[in-house]
Amino acid sequence: MTTATSVLPGYQFASDNTSGICPEAMQAIAEANAGYAAPYGDDHFTQQVCDLLRDLFEINCDVFFTFNGTAANSLALSSLCRSYHSVICSQLAHVETDECGGPEFFSNGLKLLATPAPNGKVTPYEVNEFVTRRSDVHYPKPKALSITQATELGTVYTPNELDALNEATRRHNLYTHLDGARFFNALAALNLQPKEITWKVGVDVLCLGGTKNGLPVGEAVIFFDRNLSNEFEYRCKQAGQLASKMRYLSAPWLGMLTDGVALKHASHANQYAANLSQQLTQIPGVSLDSPTEANAVFVRMTPEIINHLNARGWKYYSFIGQYAARFMCSWATTQADIDALVADIRHAAPSE
Ligand SMILES: *Cc1c(COP(=O)(O)O)cnc(C)c1O
């Protein structure tokens, strides 16, 4: 079995995708590698994963696989919208800031209506504002809400918040798309059944992330409203997202979806983030930027700390602003990683 030693020793908190392949997924790939299998998803590994996902969500849903989250989100949104429609999302949403216009491109023109979202969460108030602002033909007609769970700021929508959004989308006849690149982290944080934070609260399509939680590559697009998946396989194929040797995209999920492995890895990541967050908030000169509810820690630090971390070669993102940092934990994060980071921050912190 592989262990979680780093290629770049201890210096990686940039993203949860700096981690490798988890042992369970690796094992599943090795097993799927024995012998021949039908191509393009007609193999039994792929069928089995689809069934496991139906079991997990306790509903007869339609499942597709893409190579990455950008394709999953873009194609899912394009299946909900016509070219003159719009999608309400957070200003920090991955679909808005990190997909190079993929949703707009694959839908031949849809417009994202991005709203400021406190702690990364879209509110029913904002949904209502965007829909009721205009109703004339000159305005791109709102057709869907896109939310991210866990959010881009490491927070988690509570069931009550999801209920309230569901109420707003139903009132305005909007579909709901859920970017679940870190869905398992949210699930682990909330300790609920998957259905309770998806189709039961009005989610029509979920892009379920696997990569950041230990898969080598690949996300699943899950349609709870099966009417919306009509001809989706053609979208995947045209977009270059239909894997010829599909079993290598699907089989790793077998490792994740057996014996609660996906949740185990997500909980691990969340626990280390909680631990890091808790330690960092004790240090003078460090303040939390948004609550640590999943596997991300957002902090602001003094310039001295930032300079020291950079000099020491730590990798992290600072897109939230100057002297700010996002530290991501993953299934592979170790206590030694956390302790080394905390020690370096403490070293450059002002004395009390
Ligand atoms: C990582 C991520 C994705 C997927 O990104 P790809 O690089 O296209 O796989 C989607 N949404 C969010 C919120 C993410 O963090």
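The structure presented is a predicted model; accordingly, all values stated were derived computationally and were not measured. Just follow the structure's listing: the first ligand is 1, and inside any ligand the first atom is 1. In this chain, numbering begins with 1 at the start of the sequence shown.
- Taking a 4.5 Å side-chain heavy-atom cut-off between Ile, Leu, Val, Met, Phe, Trp and Tyr, the cluster of Tyr125 contains only that residue.
- Taking the ring centroids of Phe13 and Tyr316, they lie at or beyond the 6.0 Å cut-off.
- Ser74 and Thr70 are not linked by any side-chain donor-acceptor pair at a separation below 3.5 angstrom, with hydrogens and angles left out of the test.
- Residue pairs that meet the side-chain hydrogen bond (donor to acceptor under 3.5 Å, both in side chains) test with at least one member in residues 89-99, sequence neighbours left out, are Asn73-Glu99, His94-Glu99.
- Protein residues with a heavy atom closer than 4.0 Å to ligand 1 are Asn68, Gly69, Thr70, Asn73, His94, Thr148, Glu152, Asp179, Ala181, Arg182, Lys212, listed by chain and number.
- Residues Ser229 and Asp62 bring a donor and an acceptor atom of their side chains to less than 3.5 Å of each other.
- With sequence neighbours left out, the side chain to side chain donor-acceptor pair (under 3.5 Å) criterion links Ser277 to Thr292.
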